[in-house]
Asks: 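Below you will find the structure I want to go over with you.
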Amino acid sequence: MGRDSTPDAAQGGDDAVPEGPTAEMLRRRPRPRREPQGDQRWAADLRAALFCAASLFVLLHLVDFAGGTLDALRSGMWSGLALVLFAVLFPPRVTAGHHWLAVRGLLGERRVSTDLLTHVSRRGGVAQRIVLRDALGNRVELDPKVLAGSPMLWHELDTGARRARERGLLRAGAAVLEGLADRIEGDEARAVFKASGLG
């Protein structure tokens with residue numbers, strides 16, 4: 001007698017979920033059931049970045065060696081330049097799972113809850129980026145080519161975004177997602193035609 005048998009009291013302590021609409025959605029989220037998906041092109045892009053940096057390193061050393069000007073100072077300069085090039089070319093690693101998507105770069109990882117997305121936008125420029133924001137204040141950017149080249153990543157993002165729309169959270173970005181879907185479906189159709197000898 002006298003025991004509080006409510007779910008919140010049973011959880012208690014520091015692990016209790018804070019109140020509010022977003023917290024209620026978090027409590028109702030089903031547990032993960034699928035293995036995380038990764039960018040299928042990431043390993044190849046990483047090898048390309050390493051090759052470019054190593055090629056620059058070797059080329060600059062060969063030029064200095066042929067000219068008789070290679071010394072410790074210049075070798076250090078070329079090594080630093082090669083490292084800078086690698087940092088610029090380093091491809092962020094995109095992974096996704098049940099209702100989440102993460103982007104890991106050299107400086108750490110950023111993650112959003114795809115079923116809590118509130119905003120999706122496309123940032124233009126020389127290198128286009130898709131910007132995702134969720135109700136928890138998280139934000140990530142990724143290259144749309146990553147989604148086009150990895151159908152399972154796109155499936156995880158699309159599944160979460162649909163749930164966010166059903167909840168009334170995602171109010172900006174439907175056109176961006178539809179454009180991505182059309183592009184990915186078109187690429188998949190061309191791949192099928194090519195594999196069948198019709199393309």
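What you see is a predicted model, and the numbers here were worked out from it, not measured in a lab.
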Asks: Looking only at heavy atoms, what is the nearest atom pair of Arg41 and Lys145, with distance?
Replies: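 Heavy atoms only, the tightest pair is NH2-CB, 3.7 Å.
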
Asks: Taking only residues two or more places apart in sequence, or in another chain, which ones meet Ser55 in a side-chain contact (heavy atoms from CB on, under 4.5 Å)?
Replies: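 Checked Ser55 against side-chain contact (heavy atoms from CB on, under 4.5 Å); matches are Phe51.
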
Asks: Under a 3.5 Å distance rule, please check whether His61 uses its side chain to pair with a backbone N or O of Phe57 as donor and acceptor.
Replies: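 Flag set: sc His61 to bb Phe57 pair under 3.5 Å.
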
Asks: With rounding to the nearest 0.5 Å, note down the distance linking CG in Leu73 to CH2 in Trp78.
Replies: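 Rounded to the nearest 0.5 Å, the CG-CH2 separation comes out at 9.5 Å.
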
Asks: Closest approach of Arg111 and Val140, non-hydrogen atoms and distance?
Replies: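 Closest approach of Arg111 to Val140, heavy atoms only: N-CG1, 3.7 Å.
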
Asks: Assess the side chains of Arg122 and Gln128: does a donor N or O sit below 3.5 Å from an acceptor N or O?
Replies: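 Side-chain D/A pair, Arg122 to Gln128: present.
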
Asks: Please check if the number of heavy atoms outside Arg165 that lie under 6.0 Å from its CZ is greater than 12.
Replies: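 Correct, the count exceeds 12.
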
Asks: Of the non-hydrogen atoms in Leu117 and Ala161, which two are nearest, and what is the gap between them?
Replies: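 Scanning both residues completely, I find the closest heavy atoms to be CD1-CB, 4.2 Å.
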
Asks: Under the side chain to side chain contact (heavy atoms under 4.5 Å, CB included) criterion, do Leu132 and Leu101 qualify, and how do the steps go?
Replies: CA-CA 9 Å; Leu132 308 174; Leu101 183 144; 4.3 Å; yes

Asks: Without swapping roles, check the side chain of Asp134 against the backbone of Gly137 for a donor-acceptor pair under 3.5 Å.
Replies: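 Side chain of Asp134 to backbone of Gly137: a pair is present.
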
Asks: Just to verify, what does Asp45 make a salt bridge (Lys or Arg N to Asp or Glu O under 4.0 Å) with, not counting sequence neighbours?
Replies: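 Result, salt bridge (Lys or Arg N to Asp or Glu O under 4.0 Å) vs Asp45: none returned.
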
Asks: Output the distance between atom NE2 (His99) and atom OG1 (Thr159), rounded to the nearest 0.5 Å.
Replies: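 One finds 7.0 Å between NE2 of His99 and OG1 of Thr159.
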
Asks: Of all the heavy-atom pairs spanning Leu136 and Ser113, show the shortest one and how long it is.
Replies: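 Of all heavy-atom pairs spanning Leu136 and Ser113, the closest is CD1-OG, 4.1 Å.
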
Asks: Please lay out, stage by stage, how Val146 and Trp154 fare under the test side chain to side chain contact (heavy atoms under 4.5 Å, CB included).
Replies: CA-CA 9 Å; Val146 171; Trp154 163 249; over 6 Å; no

Asks: Heavy-atom count check: over 12 atoms from other residues, nucleotides or ligands less than 6.0 Å from Leu106 CG?
Replies: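 Correct, the count exceeds 12.
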
Asks: Check whether any side-chain heavy atom of Leu142 lies under 4.5 Å from a side-chain heavy atom of Leu147, and answer yes or no.
Replies: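 In short, these two side chains touch, coming nearer than 4.5 Å.
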
Asks: In Å, rounded to the nearest 0.5 Å, how long is the span from CZ of Arg133 to NE2 of His119?
Replies: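 The NE2 atom of His119 is 6.0 Å from CZ of Arg133, to the nearest 0.5 Å.
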
Asks: Looking at side-chain heavy atoms only, is the closest gap between Asp158 and Leu180 below 4.5 Å?
Replies: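 The answer is no; the side chains never approach within 4.5 Å.
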
Asks: What's the spacing between Leu153 CG and Leu157 CG if we round to 0.5 Å?
Replies: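 Between Leu153 CG and Leu157 CG, I get 8.5 Å after rounding to 0.5 Å.
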
Asks: Return all side-chain donor-acceptor pairs below 3.5 angstrom for residues 82-95, not counting sequence neighbours, or 'none' if the list is empty.
Replies:
none

Asks: Are any of the side-chain heavy atoms of Leu60 and Leu81 separated by less than 4.5 Å?
Replies: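 Answer yes - side chains close enough.
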
Asks: Any donor-acceptor pair under 3.5 Å linking the side chain of Ser150 with the backbone of Gln40?
Replies: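 Present.
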
Asks: If you take all heavy atoms of Val131 and Arg123, which pair is closest and at what distance?
Replies: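 Reported closest heavy-atom pair: CG2-CB, 4.3 Å.
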
Asks: For atom CZ of Arg171, is the number of surrounding heavy atoms from other residues, nucleotides or ligands below 6.0 Å larger than 12?
Replies: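 For Arg171, atom CZ is not crowded (no more than 12 foreign heavy atoms under 6.0 Å).
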
Asks: With a 4.0 Å cut-off on N to O distance, would you call Glu141 and Arg129 a salt bridge?
Replies: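 Arg129 and Glu141: not salt-bridged.
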
Asks: Which atom pair, heavy atoms only, marks the closest approach of Arg74 to Thr69?
Replies: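 Reported closest heavy-atom pair: CD-O, 2.9 Å.
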
Asks: When you check the gap from the basic side-chain N to the acidic O, do Asp115 and Arg167 get nearer than 4.0 Å?
Replies: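 Yes, charged N to carboxylate O under 4.0 Å.
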
Asks: Atom CG in Asn138, atom CH2 in Trp100: separation rounded to 0.5 Å?
Replies: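 Going from the CG atom of Asn138 to the CH2 atom of Trp100 covers 13.5 Å.
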
